[in-house]
Protein chains: 2
Amino acid sequence: MDQRLTARLADAVDAAFDDQTAFLAALTAHPSTRGNEQGAQTFMAEALAERGYTVDRWQIDVAAIRGLPGLSPVPEPYEDAVNVVASHHSRTGKGRSLILNGHVDVVPEGPKDMWTSAPFAPRIEDGWMWGRGAGDMKAGLSSNLFALDALRACGLAPAADVTFQSVVEEECTGNGALACLQRGYTADAVLIPEPFAETLVTAQLGVIWFQVRLKGRPTHVAYAGTGANAIEAAIPLIQALHEMEARWNAPANRPADYAHMDHALNLNIGRIAGGDWTSSVPAWCVLDVRMAIFPGQGIEAAKAEIEEVIRDAARQDPFLRGAMPDIVYHGFHAEGYALSLDGSGTAAAAIGALKAAHGAVTGAELPRAPITATTDARFFGLHAGTPTLVYGPRAEAIHGFDERVDLESLRRVTKATALFIAGWCGLEDP
Amino acid sequence: MDQRLTARLADAVDAAFDDQTAFLAALTAHPSTRGNEQGAQTFMAEALAERGYTVDRWQIDVAAIRGLPGLSPVPEPYEDAVNVVASHHSRTGKGRSLILNGHVDVVPEGPKDMWTSAPFAPRIEDGWMWGRGAGDMKAGLSSNLFALDALRACGLAPAADVTFQSVVEEECTGNGALACLQRGYTADAVLIPEPFAETLVTAQLGVIWFQVRLKGRPTHVAYAGTGANAIEAAIPLIQALHEMEARWNAPANRPADYAHMDHALNLNIGRIAGGDWTSSVPAWCVLDVRMAIFPGQGIEAAKAEIEEVIRDAARQDPFLRGAMPDIVYHGFHAEGYALSLDGSGTAAAAIGALKAAHGAVTGAELPRAPITATTDARFFGLHAGTPTLVYGPRAEAIHGFDERVDLESLRRVTKATALFIAGWCGLEDP
């Protein structure tokens with residue numbers, strides 16, 4: 001790595017880091033939970049337009065993505081699902097093109113009284129920025145943007161087309177990233193700065209969301225013996241699903257990337273609701289469940305087994321036997337993806353470029369690890385054949401209370417991203 | 001029983017029964033779930049005023065009932081809690097006074113698609129009226145009202161004051177009936193035509209409502225091992241509560257009225273809600289629980305044991321140990337009540353009068369049985385020393401789907417009520 005370039009880009013990132021921090025705080029202040037991303041997307045589109053990029057902002061067209069591989073069932077009307085993409089068009093086009101991807105949607109903040117301070121009023125303390133989405137992954141959107149700014153501040157431009165993507169729906173379907181593919185955005189590599197502590201993600205799991213709906217006959221609790229309690233009927237189903245989880249995690253089923261993990265695949269009962277009245281035996285109960293699958297594990301086979309497990313457990317219950325649960329898919333239909341299995345020269349080159357950038361900034365080897373979550377990387381990796389590097393800053397308590405991102409880590413990632421762009425795309429005069 | 005009077009009153013009830021059925025349908029059409037009883041109460045108040053009764057309609061004053069025995073914790077502001085009471089003032093006052101009590105609030109209808117027809121669009125089929133509240137207990141309000149009408153149609157009036165009460169809050173606290181006591185309404189006996197199939201209720205259970213609130217640290221499900229699942233943490237608490245339920249139902253604990261019942265006391269997990277996002281480990285879960293107690297079982301001791309059971313179970317869970325559940329009381333604090341234990345001459349006379357009226361109408365002995373629910377009878381019986389007869393028409397699926405009341409049973413109960421008023425209060429010229 002060119003030490004002079006490294007120093008110049010690092011200085012440029014440092015010079016703008018207060019601005020970047022302020023930008024991240026402003027972006028984090030937008031409560032961009034699913035369906036409420038418009039304010040954050042307007043903020044992103046304006047930031048991109050101010051910099052002179054061509055900005056493409058569009059409402060995701062369900063009809064256009066329907067039938068595409070990787071589509072997840074759409075839970076609701078998509079009128080509020082808007083992507084923002086900006087493009088740098090290289091003058092020379094002599095380098096390798098790149099997509100810098102990030103998602104602007106955040107998961108719900110949960111009970112506010114569990115937060116030390118308001119989740120959408122970001123604050124900085126002890127070198128961390130605290131707030132819902134600060135880590136997952138608005139910090140990454142800021143590092144993508146300010147890495148490009150750093151090149152520009154040095155009087156340089158990527159010598160290939162660079163596409164900056166701010167997508168929605170990462171936290172429930174991935175259909176935002178899918179819509180970018182459908183709209184024709186491709187490149188030679190993709191970088192997604194999800195907050196995995198400056199570690200290159202070698203593999204990610206697949207995720208399936210499903211809803212189990214139980215419905216029975218409620219009655220006055222005085223005759224509880226004659227009415228089935230739909231809430232309690234869910235308990236053996238949960239237990240049966242955990243037994244399936246244990247089977248799927250068995251050593252024989254683990255691919256190489258996960259061989260060392262006893263419990264990579266987590267089943268999560270994420271939400272429950274049931275019943276209408278304390279003194280009525282509840283007639284209904286709905287569970288929202290997330291289950292992970294390994295890379296290579298087929299979604300349809302996984303779904304078939306989930307359904308079989310639920311139905312087998314239900315058949316052992318006298319009440320459920322007569323009122324079999326409905327199983328409804330309402331979100332992630334995500335396959336796993338392993339960069340480690342991409343044997344292409346392009347993948348090797350992209351990893352090499354990131355390794356060099358990381359080494360130049362940190363002086364250390366690029367750590368690599370599989371993760372037990374999914375990211376939008378799967379769309380580019382599986383459905384566009386594009387090696388996708390997931391590499392971003394350190395964050396803690398993502399999806400939890402007091403979510404926070406390490407600002408010095410963000411600074412390093414921004415520098416590494418600028419260097420990676422320079423190394424991967426090459427440079428030209430603006 | 002005077003056979004001629006029996007026949008005259010029966011004829012009067014028959015003559016007005018189409019009107020009574022129409023009245024019941026109109027009343028059932030009001031969706032008078034808790035907080036939404038105003039329309040039904042206006043309907044009742046107008047029906048009473050049209051008949052020339054003095055009508056007392058008032059908003060329950062929480063400050064006035066606070067501290068009274070039998071009060072249940074108030075779950076919300078009471079601005080919408082309105083009682084309607086009408087009074088017949090006897091000219092002579094030579095007989096025994098009577099309260100005819102009924103509640104106008106109904107429990108929620110639950111999922112509408114489980115109903116054969118719309119729950120608040122009552123219909124008549126095969127001799128039953130179908131609709132939420134038709135049985136529990138708008139039919140009883142109609143029998144109280146039309147029994148008084150039958151006396152009047154025969155040119156007769158009760159020879160003692162009769163108070164007609166249409167109260168709210170029976171289904172969650174009983175504070176509507178309590179407010180009637182507080183307002184000064186008393187009598188020598190009370191009749192409440194709850195829908196227990198023309199059977200005199202000899203004893204009723206007490207009921208306690210409590211909420212168990214679990215709260216933990218949510219996290220990304222990728223790290224499920226580090227976050228506690230508040231929904232699943234509820235499962236061992238439910239199991240511990242069922243073990244307590246079994247202990248309380250043990251033969252040694254049963255009073256005489258319930259000695260023959262293996263499971264009079266039902267624990268009901270009536271509602272559950274928890275979690276915000278399918279891929280976040282849920283941070284919170286709230287259970288709404290109903291537990292019954294026997295007559296004579298103290299509420300404070302029962303609450304103490306409930307709390308101990310929950311806390312003991314929580315202490316065995318590594319996560320809950322550090323985040324003990326909150327236990328909140330938000331409804332019924334109802335003691336049991338046994339008419340069978342009222343050894344007074346007044347009670348014997350009231351039961352005798354009902355027995356005679358029932359026998360005159362049906363030609364059969366008055367059936368007697370304990371019930372496994374609570375009713376407002378406890379206020380009059382326990383806190384005003386007034387024998388309270390719970391005796392009403394046959395209904396099915398109360399608190400369930402396709403709730404319905406047997407119209408011929410309602411007709412008989414209306415006749416028996418008219419005769420009971422005549423026998424208990426005596427008669428005078430209007």
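Below, read A as the first sequence line, B as the second, and so on, with proteins coming before strands; counting in each chain starts at 1.
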Where B:Asp276 and A:Pro111 come nearest, the two heavy atoms and their spacing: OD2-CD, 3.9 Å
Flag side-chain contact, heavy atom, 4.5 Å: A:Thr278 against B:His330: yes
Portion of B:Gln239 that has a non-hydrogen atom of chain A nearer than 4.5 angstrom: side chain
Part of B:Trp284 lying under 4.5 Å from any heavy atom of chain A: side chain
Atom pair NZ (B:Lys215) and CZ (A:Phe401), whose distance is rounded to the nearest 0.5 Å: 7.5 Å
Distance in Å, A:Ile272 CD1 paired with B:Ile272 CD1, rounded so as to fall on 0.5 Å steps: 4.0 Å
Any B:Thr374 side-chain heavy atom under 4.5 Å of A:Ser279 side chain: no
Atom group of B:Ile269 that falls short of 4.5 Å from chain A, counting heavy atoms: both
Gap separating the CG atom of A:Asp288 from the OG atom of B:Ser280, nearest 0.5 angstrom: 11.5 Å
Between A:Glu403, A:His242, A:Glu396, the one whose heavy-atom pairs under 4.5 Å with chain B are most numerous: A:His242
Residues forming a salt bridge (Lys or Arg N to Asp or Glu O under 4.0 Å) with A:Glu243, sequence neighbours excluded: none
Separation between CH2 of A:Trp277 and NE2 of B:His399, rounded to the nearest 0.5 Å: 8.5 Å
Residue part contacting chain A, namely of B:Asp113, when any heavy atom lies under 4.5 Å: side chain
ring-ring contact (aromatic ring centres under 6.0 Å, His included) partners of B:Tyr258, counting only residues at least two apart: B:Phe294
Proximity breakdown for B:Ile238 and chain A, heavy-atom pairs closer than 4.5 Å: side chain
